[in-house]
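In what follows, every heavy atom counts, from backbone to side chain, and hydrogens, waters and symmetry copies are set aside.
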Amino acid sequence: MSTVVIAAAAVFFLGMGVYGLLAPAALIRPFRIVADSAEARTEVRAVYGGFGVAVAGLLLVAAADAGGMRTGVVVTVAVSLLGMAAGRLVARSVERPSAFYPSWLYFWVEAAGGGALLAAVAW
């Protein structure tokens, strides 16, 4: 079961990464961010695209338990996701998003994903 959870997280990051590389402006549009310059699109491609693909690769290595990296990789990604969710809670204390999507949807995805990954290494 833990391998399935880790692989599912890898697929999520791979999808985000590929989407970020291919359509950076579309990826951030739900957040009302406009990527109207080459520099802005490059930043989205780097942070969402390249990072997402790299994390997916690490998670696949972890799912295969190659090199004994499973626990370290999974805990690192889990804590990163929980940190993102915590950042959304901090943002909530400063200002409120106007709707559930996208901010709160991603909060729950990040919180659940981080929790599931931590549970996966505990199994």
Side-chain angles (χ1 to χ4, degrees):
M1 180 62 166
S2 63
T3 301
V4 172
V5 171
I6 297 166
V11 169
F12 173 80
F13 274 99
L14 182 62
M16 178 190 73
V18 170
Y19 190 38
L21 290 171
L22 298 177
L27 178 73
I28 61 172
R29 191 173 300 126
F31 296 95
R32 298 183 189 170
I33 301 170
V34 178
D36 59 357
S37 68
E39 293 79 9
R41 290 183 296 276
T42 296
E43 186 66 11
V44 174
R45 283 185 172 108
V47 174
Y48 288 91
F51 181 78
V53 170
V55 169
L58 279 173
L59 285 168
L60 290 174
V61 167
D65 202 13
M69 296 177 22
R70 183 183 201 113
T71 299
V73 167
V74 173
V75 169
T76 300
V77 174
V79 170
S80 298
L81 286 168
L82 294 172
M84 293 164 64
R88 293 183 194 278
L89 289 177
V90 170
R92 172 70 162 85
S93 71
V94 177
E95 57 192 350
R96 295 177 185 226
S98 60
F100 176 77
Y101 177 80
S103 295
W104 288 112
L105 172 66
Y106 285 105
F107 165 80
W108 288 109
V109 167
E110 293 154 0
L117 286 172
L118 287 179
V121 293
W123 290 333

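- Nearest heavy-atom pair, Ala63 versus Thr3, reported as atom, atom and distance to 0.1 Å: O-CG2, 3.6 Å.
- Atom CZ of residue Arg96 and atom OG of residue Ser103 lie 13.5 Å apart, to the nearest 0.5 angstrom.
- Contact record, Leu81 with Gly114: CD1-N, 3.8 Å, taken as the closest heavy-atom pair.
- The hydrophobic clustering, which links ILVMFWY residues whose side-chain heavy atoms are closer than 4.5 Å, places Leu82 and Leu89 together.
- Using a 4.5 Å cut-off on side-chain heavy atoms (C-beta onward), Tyr106 and Met84 make no contact.
- Taking each heavy atom of Ala116 and Val5 in turn, the nearest pair found is O-CG1, 3.6 Å.
- Of all the heavy atoms in Ala111 and Ala85, the pair that sits closest is N-CB, 4.0 Å.
- How far CG of Leu21 is from CZ of Arg41: 14.0 Å, rounded to the nearest 0.5 Å.
- With contacts defined as side-chain heavy-atom distances shorter than 4.5 Å, the pair Val77/Leu58 does not qualify.
- With a 6.0 Å radius and a threshold of 12 heavy atoms from other residues, nucleotides or ligands, Tyr48 has its OH atom at or below the threshold.
- Using the six-membered ring where Trp is involved, Phe51 and Phe13 have ring planes that are perpendicular, over 60° apart on the 30 and 60° scheme.
- A 4.5 Å side-chain heavy-atom check between Ile33 and Val44 finds every atom pair outside the cut-off.
- Of all non-hydrogen atoms in Arg45 and Gly20, the two that sit nearest each other are CG-O, 3.4 Å.
- Connection of Val79 to Phe12 is established within a shared hydrophobic cluster, with ILVMFWY side chains joined at heavy-atom distances below 4.5 Å, either directly or through further cluster members.
- Note: the hydrophobic cluster containing Leu14 does not contain Tyr19 (ILVMFWY, side chain heavy atoms under 4.5 Å, direct or indirect links).
- For Val53 against Val18, the heavy-atom pair with the smallest separation is CG2-N, 4.0 Å.
- Transitive grouping of hydrophobic side chains (ILVMFWY, heavy atoms separated by less than 4.5 Å) brings Leu105 and Phe31 into a common cluster.
- Within a 6.0 Å radius of CH2 in Trp104, other residues, nucleotides and ligands contribute more than 12 heavy atoms.
- Tracing side-chain contacts under 4.5 Å through hydrophobic residues (I, L, V, M, F, W, Y), one never reaches Val11 starting from Leu60; they form parts of separate clusters.
- In terms of modelled atom types and a separation under 3.5 Å, the side chain of Arg70 and the main chain of Ala64 share no donor-acceptor contact.
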